Amino acid sequence: VYPTFFENQSSVYIVGSKNVNLTLEMYDISGRCLVNMPAKILKDNGYKQAIEIPDSSTLPAGMYLIKITSDTGERWVTKLIKS
C-alpha cells in the first residue's frame with residue numbers, strides 16, 4: 001500500500017488480487033474506527049488498484065492506520081501520516 005504521507009489525498013494503491021471485493025477500514029492512533037465500508041476501486045490496471053479514501057480534509061494532522069481486506073482473505077495494513 002502506498003503512498004504513506006498525505007495531505008488531503010483521495011486514494012491509496014495496493015498490489016494484489018484482481019476482481020475481488022475489498023473492505024476499507026481506517027483507524028486513528030487511539031484505535032477508534034473512523035471508516036468501515038466497501039472499498040471503492042477508482043482504477044485497476046491489473047496488478048495495481050487505486051482505492052478511494054473518503055474525504056480526509058477534516059481529519060487533524062497525525063498518524064492513521066488503513067486496513068484493506070479482500071473477500072479471499074488477503075489483507076493490507078499500513079500507516080498513513082497526514083501532514
Side-chain angles (χ1 to χ4, degrees):
V1 178
Y2 66 93
T4 310
F5 293 90
F6 72 104
E7 288 184 16
N8 293 320
Q9 79 184 43
S10 61
S11 62
V12 293
Y13 295 88
I14 64 168
V15 177
S17 293
K18 185 178 176 181
N19 299 323
V20 295
N21 295 316
L22 301 171
T23 301
L24 169 71
E25 297 170 76
M26 184 174 188
Y27 298 88
D28 65 14
I29 194 65
S30 67
R32 183 175 52 138
C33 185
L34 305 173
V35 174
N36 185 343
M37 60 186 274
K40 181 177 179 186
I41 298 173
L42 299 174
K43 183 169 55 170
D44 184 344
N45 71 357
Y47 72 96
K48 181 172 68 174
Q49 299 169 332
I51 307 296
E52 179 181 30
I53 301 296
D55 181 25
S56 58
S57 62
T58 60
L59 295 176
M63 186 169 64
Y64 298 89
L65 297 175
I66 297 287
K67 179 172 134 181
I68 300 169
T69 308
S70 76
D71 57 1
T72 61
E74 290 178 285
R75 288 188 186 156
W76 300 266
V77 178
T78 192
K79 67 180 176 185
L80 295 179
I81 300 173
K82 182 173 182 184
S83 53

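Heavy atoms only: backbone and side chains are in, while hydrogens, waters and symmetry mates are out. Everything quoted here is computed from the prediction, not taken from an experiment. Positions are given from 1, in the same order as the sequence printed here.
To the nearest 0.5 angstrom, Arg75 atom CZ is 10.5 Å from Thr23 atom OG1. Rounding to the nearest 0.5 Å places CE of Met63 at 10.0 Å from CG of Asp28.
When side chains are defined from C-beta on, Thr78 does not count as touching Ile68, because their heavy atoms never get closer than 4.5 Å.
A continuous path of hydrophobic side-chain contacts links Val12 to Leu34 [ILVMFWY only; heavy atoms under 4.5 Å]. Val77 is not connected to Tyr27 by any chain of hydrophobic side-chain contacts under 4.5 Å among Ile, Leu, Val, Met, Phe, Trp and Tyr, and they are in different clusters. Criterion: ILVMFWY side-chain heavy atoms under 4.5 Å apart, direct or through other members. Under it, Leu65 and Ile51 are not part of a common hydrophobic cluster. In the hydrophobic clustering of ILVMFWY residues, with side-chain heavy atoms under 4.5 Å counting as a link, Ile66 and Val35 come out together.
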Verdict with reasoning, Leu59 to Met26, per side-chain contact (heavy atoms from CB on, under 4.5 Å): CA-CA 12 Å; Leu59 295 176; Met26 184 174 188; 3.5 Å; yes

Chi angles and distances behind the side-chain contact (heavy atoms from CB on, under 4.5 Å) call for Leu24, Ile53: CA-CA 8 Å; Leu24 169 71; Ile53 301 296; 4.0 Å; yes

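Of all non-hydrogen atoms in Ser57 and Lys82, the two that sit nearest each other are O-NZ, 3.6 Å.
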